[in-house]
Colleague: 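Please read through the structure below; I'll follow up with questions.
Since this is a predicted model, take the numbers as computed values, not measurements. Every chain is numbered from 1 and lettered A, B, ... according to where its sequence line falls, protein lines coming before strand lines.
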Amino acid sequence: MIDLKLLQNNFDATAIALQRKKVDSELITALKTANDLLKNAKLTYESAQAAQNERSRLFGQYKKEGKSTDELKIEVDAAKVQLVELLETQRNAQEALESLAMRVPNLPDESVPDGEDENDNIEIKKVLTPPTFSFTPKEHWELAEANGWIDFERGVKLAKSRFSVVSGMGARLERALINFMLDFNRERGFNEVSVPMLVNRRALEGTGQLPKFEDDLFKVDGEELFLIPTAEVPLTNLYQDEILNAQDLPIKMTGYTSCFRKEAGSGGRDVRGMIRQHQFHKVELVSITRADQSDAIFDEMVACASDLLTALGLPHRLVTLCTGDLGFGAAKTIDLEVWLPGQNSYREISSVSSTRDFQARRAKIRYKEEGKNKFVHTLNGSSLAVGRTMVALMENFQNEDGTITIPDVLQKYLS
RNA sequence: GGACAGUUGGCCGAGUGGUCGAAGGCGCACGCCUGGAACGCGUGUAUAGGGCAACCUAUCUAGGGUUCGAACCCCUAACUGUCCGCCA
C-alpha cells in the first residue's frame, strides 16, 4: 500500500509518480478525497465518543453518590443514537478508502525509466556469449520429447492444457537443478525455508496479489485458501504483523516451491512447450531489510541470480523494466533474460524486485529502531525458474544428434 | 471430523461490570552501589490514529449482542492444547 500521508501532504508529487505507472488521475483524486473524508469522520466520531465516555463516567459517579440519573440517562440515550450513525459513517469511509488504496500500485522509483511496455525496457548488460551452432538449433519441446524428458500429452490427460509430466533424466535434472540452486543461494547467506504452498487471503493481500488479481490464482473449493503463484507470498508473509529487531535485519531467505498460475489473459502465448505452465517449480529469494539496506541487497540478489546462470554456462542479459512493464507492487525490477537459441531470443528466467515498504505496509511488517517502529523493505527474486532453466539447458547445450550435454556443475547432483 | 479446555502487553501471569491500558514477575533501558561486574536498590518501559501541547480515541484473538458503562456476561468464528477418529 502506498503511504497515504505522503499522498495527503505531497499530493502533486505522488500523483505524478502514480501517473508514471499509468494509474488514472481520477483514481488518485478519489483516493485523496476518501482519505480526507475518513479523517473528518474519525474526528467527529471520536469527539462524540469522548463526550459519551464522560457521561458514562458521571453516571457511575451519580449512582455511587445516590444522585438521580434520570436526566443523564435521557442525554446518554440521545447521544447513543448519534454515535451509532457517526460510527457507521466512519466505517463506510474506512471501507471506501481501503478498497481504493488496496488497488493502487506502488510508486515507481525515480531511477525507473519511463515507458509503455517491455519494448521500452533498458538492457543493462549481457553476460556470456550465445553459442554458435553448425546446424539449426531445435526448440526445447522437440528436444524434450526426443529425449523422453517431457510428456506434454499425458500432463494434459491428468489435468488440462499447460500441464506436463517430466520423467527419466528430465525429472532427475529438475531435482538436480533445485538442489543446486538452493545450495548456491545458501552459500550466499540465504537461509533455506520450506513453506506452505496454500495460503489464505490475508497473505495474498500482504504481497499484493489480492484484491486485484484474483483471476490469476487457483482457489481451493470450499476453503479460503489459494495455491501460491510464487514462494514470494509465503516467504514474505512469514513476518506478517511482526515487529522485528533492527539487528536481526536483513533476513535473507531462499525457498523452493511449486507455483500455480491460471495465466489468465495469456491465451495463445507460449502454448507449446514448458515456458508458460499452470504449475511450475521455482527457487525464490526473499529479503526483509531495513530501509537503508534494501538497495545493496537488491544488487546482491540480482548478482546471485546472474551468477547462478553463469555457473550453469547460460548466456543471459540484465534488463531494467520501464514504468509500463513494472509489476503492481514493485518500485523497481531487473529481469534476467536467458538466451534461447531455438527461439533465437532472450526470454525471462528471473525477475528481481524491490517493493520498498509497499508490501510491508500491507502485511504490517515493521522493525524497531531507536524506539520507533518503521516499515521494513521487502525484496523478492527468482533464482531461478526451474522449468525455464531446463528449457535453456536443452536449447543451449543441444548436440546435432538431439542429445543434451549436461553442465559439469550439475554432475554431482545427478550421481 | 467429534468431545473438552484455553486465547490478556516483548514474554509469563493476575484480573467476573465503573477507580483497568490493565497487579505482580521476567526481560529490556537508565541511575545508584562496585576497582570492574554479578547481586541488590531505585526509576522507566504496549501499539495505532488525531492534536504544537495538555490531552483525546481505539485496541485484553476477531466479529456481533446485553448494558448508561464490558478484559469481565451472552452468541458466532478463527486459532492453540488434550483425548478420540482418520491419515502420509
Side-chain angles (χ1 to χ4, degrees), chain A residues 1-9 31-102 194-206 210 219-226 234 237-249 251 257-258 288 357 359-376:
Chain A
M1 193 153 82
I2 65 160
D3 184 355
L4 290 172
K5 261 189 195 159
L6 196 70
L7 184 77
Q8 182 91 31
N9 301 330
L31 193 64
K32 168 109 164 71
T33 311
N35 193 40
D36 290 344
L37 272 175
L38 176 61
K39 242 184 121 167
N40 279 328
K42 265 192 168 166
L43 209 66
T44 317
Y45 172 73
E46 282 178 7
S47 48
Q49 185 62 55
Q52 186 75 331
N53 284 346
E54 176 59 17
R55 279 188 284 267
S56 279
R57 201 190 55 79
L58 271 180
F59 198 100
Q61 195 184 318
Y62 284 10
K63 280 268 184 194
K64 202 181 277 177
E65 292 168 357
K67 283 206 244 175
S68 162
T69 53
D70 295 354
E71 253 178 72
L72 193 56
K73 176 97 168 72
I74 293 167
E75 255 183 71
V76 160
D77 286 346
K80 207 175 175 184
V81 177
Q82 270 275 308
L83 271 172
V84 170
E85 269 173 41
L86 289 174
L87 182 61
E88 188 63 19
T89 311
Q90 192 208 289
R91 275 195 190 156
N92 290 340
Q94 176 90 46
E95 234 169 74
L97 177 65
E98 251 165 44
S99 77
L100 276 175
M102 288 296 274
S194 176
V195 287
M197 297 191 211
L198 273 74
V199 294
N200 56 33
R201 196 170 279 277
R202 170 86 174 86
L204 287 153
E205 284 169 351
L210 290 181
K219 185 169 189 296
V220 179
D221 193 27
E223 300 265 357
E224 276 299 286
L225 290 172
F226 298 81
N237 279 289
L238 277 175
Y239 297 98
Q240 174 195 105
D241 285 324
E242 293 191 27
I243 299 171
L244 305 163
N245 291 321
Q247 66 266 25
D248 294 338
L249 301 178
I251 296 169
T257 68
S258 293
I288 313 250
D357 61 3
Q359 291 179 330
R361 267 173 212 289
R362 296 176 150 244
K364 292 208 178 67
I365 310 173
R366 291 166 294 180
Y367 67 103
K368 213 176 248 305
E369 193 174 66
E370 288 160 7
K372 282 293 274 184
N373 291 332
K374 297 184 175 174
F375 287 109
V376 300

Colleague: Can you tell me, in whole Å, how much space there is between the C1' of G50(B) and that of G44(B)?
Modeller: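 My reading of the C1' atoms in G50(B) and G44(B) gives 26 Å.
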
Colleague: Could you check how far OH of Tyr45(A) sits from C1' of G50(B), rounded to whole Å?
Modeller: 15 Å

Colleague: Begin with the C-alpha distance, continue with both residues' side-chain angles, and end with the deciding distance and a verdict on side chain to side chain contact (heavy atoms under 4.5 Å, CB included) for Leu225(A) and Asn200(A).
Modeller: CA-CA 5 Å; Leu225(A) 290 172; Asn200(A) 56 33; 4.3 Å; yes

Colleague: Distances for protein N/O vs nucleotides 59-67 of chain B N/O pairs under 3.5 angstrom?
Modeller:
| unit_1 | atom_1 | unit_2 | atom_2 | d |
| --- | --- | --- | --- | --- |
| G64(B) | OP1 | Arg91(A) | NH1 | 3.2 |

Colleague: Can you find a side chain N or O atom of Gln49(A) that sits less than 4.0 Å from OP1 or OP2 on A58(B)?
Modeller: yes

Colleague: CG of Leu87(A) versus P of U57(B): gap in Å, rounded?
Modeller: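 Distance check: Leu87(A) CG to U57(B) P gives 15 Å.
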
Colleague: Remember a base hit wins even if backbone is also touched, and classify Lys364(A) as base, sugar-phosphate or nothing at under 4.0 Å, heavy atoms.
Modeller: nothing

Colleague: Do you know which two heavy atoms are closest between Ala101(A) and Arg362(A), and how far apart they sit?
Modeller: O-NH2, 4.4 Å

Colleague: Is any side-chain heavy atom of Met1(A) less than 4.5 Å from a side-chain heavy atom of Glu205(A)?
Modeller: no

Colleague: What's the closest nucleotide to the side chain of Lys42(A) if the choices are G49(B), A48(B), C56(B)?
Modeller: G49(B)

Colleague: Using salt bridge (Lys or Arg N to Asp or Glu O under 4.0 Å) as the criterion, list what pairs up with Arg361(A), not counting sequence neighbours.
Modeller: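 Once residues adjacent in sequence are excluded, the partners of Arg361(A) under the salt bridge (Lys or Arg N to Asp or Glu O under 4.0 Å) criterion are Asp3(A), Asp357(A).
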
Colleague: Which whole number of Å gives the distance between the C1' atom of A23(B) and that of G2(B)?
Modeller: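 Rounded to whole Å, the distance is 40 Å.
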
Colleague: Taking only side-chain N and O atoms of Asn53(A), does any of them lie within less than 4.0 angstrom of OP1 or OP2 on A58(B)?
Modeller: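 For A58(B), OP1/OP2 do have a side-chain N/O of Asn53(A) under 4.0 Å.
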
Colleague: If the C1' atom of U45(B) is compared with that of C26(B), how far apart are they to the nearest Å?
Modeller: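 Roughly 13 Å separates the two C1' atoms.
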
Colleague: Rounded to the nearest Å, what distance is computed from the CD atom of residue Gln8(A) to the P atom of nucleotide G49(B)?
Modeller: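 Atom CD in Gln8(A) sits about 13 Å away from atom P in G49(B).
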
Colleague: Now, which nucleotide makes the Watson-Crick or G-U wobble pair with C4(B), with each of the two distances under 3.5 Å?
Modeller: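 Pairing partner: G81(B).
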
Colleague: Check the distance between A78(B)'s P and Leu225(A)'s CG and give it to me in whole angstrom.
Modeller: 12 Å

Colleague: Mind listing the residues from residues 54-63 of chain A sitting with a heavy atom below 4.0 Å of RNA chain B? Number order is fine.
Modeller: Ser56(A), Phe59(A), Gly60(A)

Colleague: Rounded at 0.5 Å granularity, tell me how far CD1 in Ile74(A) sits from OG1 in Thr69(A).
Modeller: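 Between Ile74(A) CD1 and Thr69(A) OG1, I get 10.0 Å after rounding to 0.5 Å.
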
Colleague: So if I take every side-chain heavy atom of Val76(A) and compare against C68(B), G50(B), U47(B), which nucleotide ends up nearest?
Modeller: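 The answer is C68(B).
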
Colleague: If the P atom of C4(B) is compared with that of U76(B), how far apart are they to the nearest Å?
Modeller: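 So the two P atoms sit 12 Å from each other.
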
Colleague: To the nearest angstrom, how far is Ile243(A) atom CD1 from G9(B) atom P?
Modeller: 12 Å

Colleague: Pick the C1' atom in A22(B) and in A58(B), then give their distance to the nearest Å.
Modeller: 15 Å

Colleague: Does a side-chain heavy-atom distance below 4.5 Å link Glu242(A) with Ile288(A)?
Modeller: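 No, their side chains stay 4.5 Å or more apart.
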
Colleague: Exactly one of Ile243(A), Ile365(A), Ile251(A) should register a side chain to side chain contact (heavy atoms under 4.5 Å, CB included) with Val376(A). Which one does?
Modeller: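 Only one of Ile243(A), Ile365(A), Ile251(A) forms a side chain to side chain contact (heavy atoms under 4.5 Å, CB included) with Val376(A), namely Ile365(A).
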
Colleague: Taking only the P atom of each, what is the distance from G42(B) to G25(B) in whole angstrom?
Modeller: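 Pairwise P distance, G42(B) against G25(B), rounds to 10 Å.
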
Colleague: Could you state the atom-to-atom distance from CG of Asp241(A) to P of G10(B) in whole Å?
Modeller: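 Going from CG in Asp241(A) over to P in G10(B) covers 12 Å.
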
Colleague: Can Glu54(A) and Arg57(A) be counted as an ion pair, charged N to O under 4.0 angstrom?
Modeller: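 So Glu54(A) pairs with Arg57(A) through a salt bridge.
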
Colleague: Go through U47(B), C68(B), G49(B) for me and flag the one nearest to the Arg366(A) side chain.
Modeller: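 Selected nucleotide (nearest to the side chain): U47(B).
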
Colleague: May I ask you to test the Glu88(A)-Val84(A) pair for a side-chain heavy-atom distance under 4.5 Å?
Modeller: no

Colleague: Is there a side-chain contact between Lys32(A) and Gln8(A) (heavy atoms, below 4.5 Å)?
Modeller: yes

Colleague: To the side chain of Lys39(A), which of U47(B), G49(B), G51(B) is closest?
Modeller: G51(B)

Colleague: When the P atoms of G63(B) and A78(B) are considered, how many whole Å apart are they?
Modeller: 15 Å

Colleague: Could you give the distance separating C75(B) and C12(B) at their C1' atoms, to the nearest angstrom?
Modeller: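 One C1' to the other, the span is 31 Å.
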
Colleague: In whole angstroms, how far is the C1' atom of G10(B) from the CG atom of Asp248(A)?
Modeller: 13 Å

Colleague: What are the two closest heavy atoms between Arg55(A) and Val76(A), and how far apart are they?
Modeller: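 Closest heavy-atom pair between Arg55(A) and Val76(A): CB-CG2, 3.8 Å.
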
